[in-house]
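Everything on this sheet refers to the single structure shown next.
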Number of protein chains: 2
Amino acid sequence: MNKKELNPYVSVDCVIFGFDLEQLYVLLIDSGSMEGYKQSRMAVPGDLIYDTENLDTAARRVLKELTGIENIYLEQIGAFGDPDRIGKKASDRKWLESIRAMPEARVITVAYYSLVRMPNFNPKASSFAKSAGWAPVSEVHDLAFDHYEILQSGLEQLKRKIKIQPIGFNLLPEKFTLSQLHKLYECIYDKALDKRNFRRKILNLNILTNLDEKQIGVPHKPSQLFKFNEENYKKLSEEGFDNFGF
Amino acid sequence: MNKKELNPYVSVDCVIFGFDLEQLYVLLIDSGSMEGYKQSRMAVPGDLIYDTENLDTAARRVLKELTGIENIYLEQIGAFGDPDRIGKKASDRKWLESIRAMPEARVITVAYYSLVRMPNFNPKASSFAKSAGWAPVSEVHDLAFDHYEILQSGLEQLKRKIKIQPIGFNLLPEKFTLSQLHKLYECIYDKALDKRNFRRKILNLNILTNLDEKQIGVPHKPSQLFKFNEENYKKLSEEGFDNFGF
């Protein structure tokens, strides 16, 4: 294959989660704009890799090409390779025929995920994406190909991750309240978490600095503000929590 | 492609760790037996997938074909896709030319791992494997293709896993001592762990049943025997530890 030739057998897909202090969102594109194919067709941003490109580079390139989003850390979820993963649905087959040189090729995809603070990343659709935007995870029930399954795997990965690493840096404003951090954990765990218990355990991790400052201009009793202790946060991110404390 | 045609662009590789109550081992094959290529060439068991096969099925098939080992649970590590991952070394290129229909094809590999109790799994080499056997992980420094890198990723995955799930079931004899369980954790963490601390924390997990029985026929003071409480172990495996105890 030539230098800039697409590899028709391998794609990458990006599951980008966003947090806006209230809800968990996922970045979706509408890929239904091809000639002769007008129906809306939601998918996570993804495309074939170039034959000279490694997987991580491809994921960053594809995300940028379709949504304009760049400079975020993408972590691999894993490979998805059911033989009929892209050919099951008629709408998917029609789309493939309209866009791919080898629509019948079996494509293995390698999925990546990331979690970003939403207001900092405003998607702008380009390439074959007709539109790009944030959808609340709780309202997504169907996607192109096996992307719904890939989304679920991304959520599982996120849940596993917060069991061994702290989360929140880059997701919260520089100064935040314990309620906001609590909300983030509830969004990822997807369940209510006891507030007092959470406060105690998160403070025990020694990653927060009490700023001795309160919120201003809020329509409720202002809360205490915290920031992350960057050094301790980084240390814990690298070492990971350890239940055994070995 | 035909039903039983190999997909020249995607392979699977299996990193199988073994434990013998003393050390951590990895299952390797010598793939250097092809005509015109006599040098020993150690690799983890792996091969191209069939075009009609899903990735998990391919991993189980390839492992069985090359080593005779079957009926173990394989978990995906992830995809490895550097464009030159299989063509860097002259010995790898020579081997590819001797065995593959498309030796120049770019191959993405999907790696799997498992951890088994060694005496229960005795590899028998077949297909293109000249030999198959267990090598102490600490003595493996170089492998075919990017298999050394894949091995290291397998070890990392194992370390992450024991931070959120219990380990030992199916790896230890039905009745075991706390020293044997301690040894398993030390092998995976690859460092010495304080014995008293380990005892306290592992007993707190409530996954062990004290059998009120001691070892017999050992050349040292016999130790207390334990077995896993299957129900509690299974529950904790599914839920995962949680540092926050949410």
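Note that this is a predicted model, so its numbers are computed, not measured. A, B, ... follow the sequence lines: proteins, then strands. Residue 1 opens every chain.
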Inset, instruction - Report, as yes or no, whether the 6.0 Å neighbourhood of atom NZ on B:K89 holds more than 12 heavy atoms from other residues, nucleotides or ligands. - result: yes

Inset, instruction - Using a cut-off of 6.0 Å, state whether more than 12 heavy atoms not belonging to B:E230 lie near its atom CD. - result: no

Inset, instruction - Between chain A and each of B:A79, B:G81, B:A58, count heavy-atom pairs under 4.5 Å; write down the option with the most. - result: B:A79

Inset, instruction - Determine whether more than 12 heavy atoms belonging to other residues, nucleotides or ligands lie under 6.0 Å from atom NZ of B:K159. - result: yes

Legend entry - chain A contact residues among residues 104-111 of chain B, heavy-atom distance under 4.5 Å: B:R106, B:I108, B:V110

Inset, instruction - Answer yes or no: does atom CZ of A:R199 have more than 12 heavy-atom neighbours from other residues, nucleotides or ligands under 6.0 Å? - result: no

Inset, instruction - Test B:P83 against every option in A:L55, A:N54, A:T57 by the side-chain contact (heavy atoms from CB on, under 4.5 Å) rule and name the one that passes. - result: A:N54

Legend entry - Residue A:R200 excluded, over 12 heavy atoms near CZ under 6.0 Å: yes

Inset, instruction - Could I get the full list of side-chain hydrogen bond (donor to acceptor under 3.5 Å, both in side chains) partners for B:D20, not counting sequence neighbours? - result: B:Y25

Legend entry - Minimum-distance pair of heavy atoms, taken over all atoms of B:K163 and A:E239: NZ-O, 2.5 Å

Inset, instruction - Any chance you could measure A:I77, atom CD1, to B:Q76, atom CD, to the nearest 0.5 Å? - result: 10.5 Å

